[in-house]
2 protein chains.
Amino acid sequence: MNAKIPDPNTLTPSARRILETASTLFYEGGITAVGVDVIAERSGVTKRTLYNRFGSKDVLVATYLLNREMRWRHLVETAVSDPELTAIERVTAPFDALGEWVQQSPRGCAFINALAELPDPEHPAHRVAAEEKRWLCSLFERLANDAHITNPADLAKQLVCLHEGALAMRAALPEIDSVTIAKDTARYLIAAATTSSTNIRA
Amino acid sequence: MNAKIPDPNTLTPSARRILETASTLFYEGGITAVGVDVIAERSGVTKRTLYNRFGSKDVLVATYLLNREMRWRHLVETAVSDPELTAIERVTAPFDALGEWVQQSPRGCAFINALAELPDPEHPAHRVAAEEKRWLCSLFERLANDAHITNPADLAKQLVCLHEGALAMRAALPEIDSVTIAKDTARYLIAAATTSSTNIRA
DNA sequence: CGTAAGGTATACAGACCTGTGAATGCAAAG
DNA sequence: CTTTGCATTCACAGGTCTGTATACCTTACG
């Protein structure tokens, strides 16, 4: 029932083109609304080739999300590894990455969007989406830990919420600069958590 | 091109049933993925009746979102009007409402989800979604103002981000109690903004 | 030279999609 | 009693959807 996802790095030239076209169309037009015919046509490829390379639309969707996750992770990892940054600044670096990212992705989080369209929890999209959020959360936790912040786990969850909220708000109300707001709020929470001040009381 | 949306409060019995069925199916299965045939069948109604009442699927979708927004607004307005609450507690009351809401809506924000599926900015869904976010933002601002908080506008935007993030995270990673985290964070930000402490520095 | 892999081209199956047409039953309100 | 509104049944149009079948071409490589 569930074919395996091809490695986005070892694709034939046509498969590359298909994946790139599909990525754009899926993100901009929605997964369900975009048919394989359009993807094939816009890739300069026949539908047969598409199915030869990916086997099914579901696998193509999963590859799209996986590939997108890889690109996003790479961007974030580059941002947090900037040697110019202090340990504290590193914690908010993902928000800088997000600021760049949304320039080309104003329609919200592709993983959240995919979840909205694919309710079946068995669909590989759910695994990819959940994993991405978990990854971001542990990254925040690790960075907070490296910056000697009290309660890194709690702070990480707060930052992830802010992060997701900024992405969603960007899609719904672009007139609000939600990414900057989220980053400023993150900075504030971090500063508060470093100065050994009163922490959050449940 | 754009038929008008019927008032969800003055519907014939059949239309009510159609709207309720559609609401469930759209939210749980995605808007594009759910066809009018299923909606009609599950409502015990013929497709013709559906089209007599709503005119098009797009209008049905818009009515679904509008009706959902009305229910959500009502829930929030009830929560913030609780006479037991102090002015400060009122500011976080929408998060309490959210906690109840997600019990029956674990699949994220219906408006954000709709935006993900309907990229056309002319679609009425965009108006409804943007308006809902704007409404929530001004509500937060008003509540913050009533609680004599410095910079109510800034705080409101932060709270909206937290709010949306909690909703999105709930859908992606239900194992994290994101609503509680968001509410606690909100309380913290509010407390910080009331004690005339250092505010956010850009 | 021979073979295999990647790709092209066209057609098709079978299901589902939104939306319409035409005729009819039924009940309440004027 | 008749109009009006609501709902019904059945059939259909015209597309689009995913996925497959058949047959051919081109290039690389051993």
Side-chain angles (χ1 to χ4, degrees), chain A residues 1-22 25-26 28-64 114 117-120 122-125, chain B residues 1-22 25-26 28-64 114 117-120 122-125:
Chain A
M1 189 68 68
N2 230 343
K4 56 172 178 284
I5 302 168
D7 177 6
N9 296 324
T10 65
L11 292 179
T12 68
S14 291
R16 269 239 82 84
R17 256 168 27 237
I18 293 168
L19 179 56
E20 258 146 39
T21 312
L25 293 179
F26 282 156
E28 311 214 315
I31 292 173
T32 314
V34 170
V36 290
D37 290 277
V38 207
I39 296 171
E41 192 199 320
R42 292 269 270 267
S43 310
V45 146
T46 57
K47 217 167 30 155
R48 201 70 195 87
T49 301
L50 189 153
Y51 275 93
N52 281 340
R53 295 298 116 226
F54 294 94
S56 75
K57 186 187 178 180
D58 269 5
V59 172
L60 179 57
V61 169
T63 314
Y64 147 62
E117 291 203 66
L118 311 167
D120 177 12
E122 296 306 305
H123 196 287
Chain B
M1 189 68 69
N2 229 346
K4 56 171 177 290
I5 302 168
D7 178 4
N9 296 322
T10 65
L11 292 179
T12 67
S14 290
R16 270 239 83 84
R17 258 174 16 242
I18 293 169
L19 179 56
E20 258 146 40
T21 311
L25 292 180
F26 282 154
E28 312 215 313
I31 292 173
T32 314
V34 170
V36 290
D37 292 278
V38 206
I39 296 172
E41 191 199 322
R42 291 270 269 268
S43 311
V45 147
T46 59
K47 220 167 28 156
R48 201 68 192 85
T49 302
L50 189 154
Y51 274 93
N52 280 341
R53 292 301 113 225
F54 294 94
S56 76
K57 187 187 179 181
D58 269 4
V59 172
L60 178 56
V61 169
T63 313
Y64 147 62
E117 291 203 67
L118 310 167
D120 176 12
E122 296 305 306
H123 196 286

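Chain letters run A, B, ... following the sequence lines, proteins first, then strands; residues in each count from 1. In what follows, every heavy atom counts, from backbone to side chain, and hydrogens, waters and symmetry copies are set aside.
Side-chain to base pairing of Lys57(B) with dG19(C): no donor and acceptor N or O lie closer than 3.5 Å to each other. A donor-acceptor contact under 3.5 Å is formed by the side chain of Arg48(B) with the base of dG21(C).
To the nearest angstrom, P of dA22(C) lies 17 Å from NZ of Lys47(B). Rounded to a whole Å, the CG atom of Asn52(A) is 14 Å from the P atom of dT22(D). When the C1' atom of dG6(C) is taken as reference, atom CZ of Phe54(A) falls 14 Å away, rounded to whole Å. With rounding to whole Å, Ile39(B) atom CD1 is found 15 Å from dC16(C) atom P. Atom P of nucleotide dT8(D) and atom CD of Glu41(B) are separated by 13 Å, given to the nearest angstrom. Look at CD1 on Ile18(B): it is 8 Å from P on dT8(D), rounded to the nearest Å.
Remark: the Thr21(B) side chain and the Ser43(B) side chain contain an N/O donor-acceptor pair separated by less than 3.5 Å.
Between Arg53(B) and Leu11(B), every side-chain heavy-atom pair lies at or beyond the 4.5 Å cut-off. Side-chain contact check for Val61(B) versus Leu118(B): some heavy-atom pair is nearer than 4.5 Å. Side-chain contact check for Pro124(B) versus Asp58(B): every heavy-atom pair is 4.5 Å or farther apart.
Here Thr49(B) lies in heavy-atom contact (under 4.0 Å) with a base.
Nearest nucleotide to the Val36(B) side chain, out of dA7(D), dC17(D), dT18(C): dT18(C). For Tyr51(A), the listed nucleotide lying nearest its side chain is dT18(D); candidates were dG19(C), dT8(C), dT18(D).
Along DNA chain C, the nucleotide nearest Thr12(A) and the nucleotide nearest Ala33(B) are compared for position; the residue whose nucleotide lies closer to the 5' end is Thr12(A).
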